[in-house]
Amino acid sequence: MEGEKLKIAVIGGGPGGLMVSYLLDKRASLGVDVIIYEATGRLGGKIVTSHAHCDPRIAFELGAAEFYDYSQLGPDPLRELIAELGLRTSPMRTGGAVFRDRVVRDLEDVRREFGQPTWKALRDFTKLARAEISPAEYYESDWRKDNEDPLARKRFDQYLEEVSDPIARDYIQTLTHSDVACETHQTSASYGLQNYLMDESDYMQLYSIVGGNELLTRELALRTSAQVLLDHAVVSVEQMVGGLYRVTSRNNSAQHTELYDFVVVALPNDCIPSIAWEGQALSEAMRKHHRFYDHPAHYLRVTAVFDRPFWREVMQGEFFMIDAFGGCCLYDESARFENGEHGVLGWLIAGDAALRLGNLDDDVLIKQVVDALPAVLRANSSRLLEARVKRWAKCVNGLPGGFPAREPDSRHRPDPEAHPRLFVVGDYLFDSTLNGVLDSADTVVEWVMELALKAVKDSAGFADSRNTVDRQGGAVVSK
Ligand SMILES: Cc1cc2nc3c(=O)[nH]c(=O)nc-3n(C[C@H](O)[C@H](O)[C@H](O)COP(=O)(O)OP(=O)(O)OC[C@H]3O[C@@H](n4cnc5c(N)ncnc54)[C@H](O)[C@@H]3O)c2cc1C
């Protein structure tokens with residue numbers, strides 16, 4: 001069969017790479033050979049559902065926490081995919097915030113705890129934000145319109161300066177910091193506002209997968225017909241005569257080389273420079289691509305198992321915000337998993353604080369984080385049984401889509417002229433979420449299919465061009 005079917009290399013076995021391979025299986029009527037290269041020993045990327053050492057029945061998320069439900073606004077491909085895979089979901093609701101040691105569940109609590117001026121400033125801000133981005137605009141976001149929007153040109157810190165009440169300003173920052181994963185000067189007013197509005201229940205509902213978010217990538221992996229190469233970090237990609245690509249991967253100390261018709265790079269932007277993009281045109285295109293989206297943002301996750309979920313006496317819901325570390329989301333992991341008597345609390349620390357704390361040894365860091373619990377919860381910190389740290393520096397994007405936003409073709413093809421068969425897929429091209437990765441995978445699969453069908457119709461198909469290069473070494477295109 002080799003030489004007859006279209007060969008596609010997918011670099012990266014995270015959600016993006018798995019979605020590409022799943023969609024190719026579904027849509028590729030002409031048949032394709034897909035090979036997924038994954039640098040580590042597991043598929044799933046930043047979706048990680050883990051278990052406690054003290055009791056393996058205790059589960060929690062160490063990576064992606066929640067999914068965003070757009071189904072009330074229109075078609076929602078991620079929700080549809082999750083249903084198609086036979087997975088059940090459960091809603092994630094906010095319990096509010098503990099801000100300056102006061103419990104705030106709604107605007108009325110703000111008035112009671114912080115007074116009329118703060119309440120008014122917050123109410124006006126929310127009204128303005130809702131007027132700036134309606135739910136429909138949020139859902140339908142169009143890159144051309146986005147580029148004309150003054151909010152896309154303004155930094156979020158500049159926008160917040162217009163909030164006259166300092167307590168209200170601080171509160172908004174607390175609510176958004178975990179979502180944007182960077183500081184307010186590192187993102188746009190529009191991205192900041194979108195993340196603020198996401199906490200409004202009529203804007204967006206959140207959900208997780210029953211049994212763990214990692215079931216998504218596990219189910220995708222089970223269904224893929226792709227050959228999966230674990231522990232194969234791709235080290236170089238090179239275009240050959242005839243337009244084929246030579247992909248070289250490292251497995252322990254051995255190098256492995258293979259030729260492909262198409263390459264789909266399903267990596268986070270920060271991993272792109274770790275590959276040698278050979279040849280002047282390709283290396284220049286990938287350097288430019290990386291630079292355009294180079295807005296690194298950071299997470300640090302600390303997950304602690306306690307003998308009981310003591311916080312529920314104060315805070316309900318699947319998550320709540322606290323103002324430690326510039327604004328941090330606390331997930332009640334035991335609300336979404338059957339964790340018996342135990343309570344599991346997951347800190348999602350973001351931005352500069354994630355980098356700063358990430359430098360500390362785990363034990364020191366865990367102590368600092370638990371000690372920083374709000375006063376209403378701190379008395380129970382001695383109930384800690386076990387804690388886990390997961391560092392996610394540079395793993396997400398603080399200004400997804402970049403600015404100005406690009407049209408879908410150049411977004412997904414770093415060099416459409418010289419490298420029409422090399423694509424990129426990633427959340428950083430859209431909104432830093434799993435919904436965005438799926439949109440991206442969908443766009444790329446459509447193009448691959450279109451080009452593949454065209455090639456089959458042409459007399460000089462891909463198989464022919466594959467035969468013009470020597471499979472062992474091949475002739476390199478010199479550009
Ligand atoms: C802490 C945290 C919380 C998050 N929370 C949410 C959330 O609540 N909701 C949401 O929608 N999104 C969330 N995200 C974002 C979400 O995780 C990403 O959108 C998603 O993982 C992106 O998928 P990906 O496949 O593009 O990249 P990744 O998940 O990063 O997967 C890339 C894969 O490529 C592999 N790789 C890297 N280099 C190479 C190489 N040279 N060769 C081969 N393989 C390589 C990696 O090992 C990895 O497996 C969160 C992210 C983090 C870090």
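Atoms within a ligand are numbered from 1 in the order they appear, just like the ligands themselves.
Evaluated for a side chain to side chain contact (heavy atoms under 4.5 Å, CB included) with Y245, the options L422, D261, I8 yield exactly one hit, L422.
Aromatic ring pairs are classed by plane angle as parallel below 30°, tilted from 30° to 60° and perpendicular above 60°; the pair W347 and F306 is tilted. Note: Y171 and F99 have perpendicular aromatic rings, judged against thresholds of 30 and 60 degrees for the angle between ring planes. The aromatic rings of Y293 and H289 lie tilted to each other, with the angle between the two planes from 30° to 60°.
Cation-pi geometry between R287 and F292 is not met at under 6.0 angstrom from the ring centre and within 45 degrees of the axis.
Checked by atom type, the side-chain pair H412/S440 shows a donor-acceptor distance below 3.5 Å.
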Which protein N or O atoms sit under 3.5 Å from any N or O of ligand 1? Give atom names and distances.
from: ligand 1; atom 1: 5 (N); to: A65; atom 2: N; distance (Å): 3.4
from: ligand 1; atom 1: 8 (O); to: A65; atom 2: N; distance (Å): 3.0
from: ligand 1; atom 1: 8 (O); to: E66; atom 2: N; distance (Å): 2.8
from: ligand 1; atom 1: 8 (O); to: E66; atom 2: O; distance (Å): 3.2
from: ligand 1; atom 1: 9 (N); to: E66; atom 2: O; distance (Å): 2.6
from: ligand 1; atom 1: 11 (O); to: L434; atom 2: N; distance (Å): 2.7
from: ligand 1; atom 1: 19 (O); to: D427; atom 2: OD2; distance (Å): 2.7
from: ligand 1; atom 1: 25 (O); to: P15; atom 2: N; distance (Å): 3.3
from: ligand 1; atom 1: 25 (O); to: G16; atom 2: N; distance (Å): 2.8
from: ligand 1; atom 1: 29 (O); to: K46; atom 2: N; distance (Å): 2.9
from: ligand 1; atom 1: 30 (O); to: K46; atom 2: NZ; distance (Å): 2.9
from: ligand 1; atom 1: 41 (N); to: V234; atom 2: O; distance (Å): 3.2
from: ligand 1; atom 1: 42 (N); to: V234; atom 2: N; distance (Å): 2.9
from: ligand 1; atom 1: 44 (N); to: A39; atom 2: N; distance (Å): 3.0
from: ligand 1; atom 1: 47 (O); to: E38; atom 2: OE2; distance (Å): 2.7
from: ligand 1; atom 1: 49 (O); to: E38; atom 2: OE1; distance (Å): 2.7
from: ligand 1; atom 1: 49 (O); to: E38; atom 2: OE2; distance (Å): 3.2

